[in-house]
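Each ligand, and each atom within it, is numbered from 1 in the order the structure gives. Along the sequence shown, residues are numbered consecutively beginning with 1.
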Amino acid sequence: MKTQVGIIGAGPAGLILAQLLHLQGIDSVILERKSRNNIEGTVKAGILEQTTIDILREMGVGDRMDREGHFHNGNYFQFNGQRRHIDLKKYSGGKQVVVYPQHEVIIDLVNAHYENGKDIIFDVEDVTLHDIDTNQPKIRYRKNGLDEELVCDFIAGCDGYHGPSRLAIPDNIRKEHVHFYQYGWLGILSDSAPAADELIYASHDQGFALLSTRTPILQRHYLQVDPFDDIANWSDDRIWSELTARTKTNDGWQVPDGPINSKGIFQMRSFVCETMQFGRLFIAGDAAHTVPPTGAKGLNLAATDVKVMSRGITEFYQNGSTDLLDRYSEICLRRVWKAERFSYFMTRLLHTNPKFDSFERGVQLAELDYYTSSEAGLSTIAENYVGLPIQWEKAEDLKAVIK
Ligand code: APR
Ligand code: PHB
């Protein structure tokens, strides 16, 4: 089988890329390890920043998000029992975020893909990459017990943190940066009323808590826990009592509770792979970088990576130029590192570090007070939270841009 772009992985990165390429008349084939039900049913994060909202709308895949998503103009930061509003829209020049869960984005993208008359090859096994430093790279895989080969012009590695694509970049040119946190998140879905009109990020001596939402009757909340804790130690009563303690305000407000219908603990990691390209292989999304969820950036970074990749591939087919493709890593990583910085900053700002002395906790509370009360602080949070723009120009030309 032959195609122009062989895409490994049907997550947000792979599916958005396929749609962007289709709109430019470029053919692609997606290979996915899991089943369609599996990718459409897995609960993941839920915030799309303005940059991603714009990409989905431009691609013609934003209708259901616009109808069913919950658009937020801001969020709340809470500490010392006080709730402070961050007016994201005001401090970012009119931008917003939308609560629209990742699996709903996946459902819309898969439907759009089928409407384009394209297929996704699900349930593939043993995916390997070959000849990526030639003009005819190949992906080999097994499907229904048969060995198959896909010959491509380009390979897009959109196969997440554990996929094979990143490892196909030779060790001597791949530099990986990894940072582990001593914090884990316990996430729940509960049948309860929304906590507020916008998300609440709460810093508390007992640990961080985040009150998010899915629908008017289904809420998504998180608690900072030990990453190696066992979920069996967390009864529903214990979860609600911690969520209540960490998020109640001085005026007596308490989070509405209800039956918990799913719960799990995950560890947080920051990871960046430099470079994001080798020969005809380009990696995107979680295959190239991961962030802790505190800044709500994971899916959004995947979307902007593939926007850069699709533009580079389009230029190649339109006029034979590799200028943009040659700069793919440079353009993506400039934005990736800033999102990594913001996610790391939000994580350190909001989580309770058991090793902190009272001075360090005092500095942390002062930082929270600063960022939620100064115009400069509010602008910094807002412009990063709604998503920084892609900087297409060369970094060394920046002086010419900022006069
Ligand atoms: N062969 C084929 N497909 C694979 C393989 C493989 N060997 N390994 C992984 N995949 C698939 C996974 O099954 C998954 O569907 O690649 C897809 C990668 O999707 P994501 O992990 O969602 O990554 P990405 O598209 O980069 O999106 C990043 O998704 O999981 C969130 O927190 C993450 O929000 C971030 C966003
Ligand atoms: C979520 O709703 O899942 C969510 C929201 C904001 C975050 C992380 C997760 O920062």
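Under 4.0 Å from ligand 1, heavy atoms of Leu299 appear from its side chain as well as its backbone. With a heavy-atom cut-off of 4.0 Å, His162 does not touch ligand 1 at all. By the criterion of a heavy-atom distance under 4.0 Å, the side chain of Ile8, and not its backbone, is placed next to ligand 1.
Using a 4.0 Å cut-off between a side-chain N of Lys or Arg and a carboxylate O of Asp or Glu, Asp251 and Arg83 do not qualify as a salt bridge. In this structure, Asp66 pairs ionically with Arg57, as a charged nitrogen and a carboxylate oxygen lie closer than 4.0 Å. A salt bridge is defined here as a Lys NZ or Arg NE, NH1 or NH2 lying under 4.0 Å from an Asp or Glu carboxylate O, and Arg33 with Asp159 fails to meet this definition.
Here is the list of ligand 2 atoms found below 4.0 Å of a heavy atom in Ser212: 1 (C), 2 (O), 5 (C). Within ligand 2, the atoms closer than 4.0 Å to a non-hydrogen atom of Gly46 are 1 (C), 3 (O), numbered from 1 in the order shown. For ligand 2, the atoms closer than 4.0 angstrom to any heavy atom of Ala45 are 3 (O). The distance from ligand 2 to the heavy atoms of Ile47 drops below 4.0 Å at these ligand atoms: 5 (C), 6 (C). Remark: ligand 2 atoms within the under-4.0 Å shell around heavy atoms of Pro293 are 7 (C), 8 (C), 10 (O). Listed by number with element, the atoms of ligand 1 under 4.0 angstrom from any heavy atom of Gly163 are 8 (N).
By the 4.0 Å heavy-atom criterion, Arg214 is counted among the residues contacting ligand 2. Heavy atoms of Ala45 come nearer than 4.0 angstrom to ligand 1 in no pair at all.
The protein non-hydrogen atom at the shortest distance from atom 8 (N) of ligand 1 is Arg33 NE, 3.4 Å.
Counting only distance, with no hydrogens or angles, the side chain of Ser374 and the backbone of Tyr371 share no donor-acceptor pair below 3.5 Å. Looking at Lys297, its side chain does come within 3.5 Å of a backbone N or O of Asn384 through a donor-acceptor pair. No donor-acceptor distance shorter than 3.5 angstrom exists from the side chain of Asp286 to the backbone of Tyr161, with no hydrogens or angles considered.
The one candidate from Ile106, Val110, Ile107 that meets the side-chain contact (heavy atoms from CB on, under 4.5 Å) condition with Arg36 is Val110.
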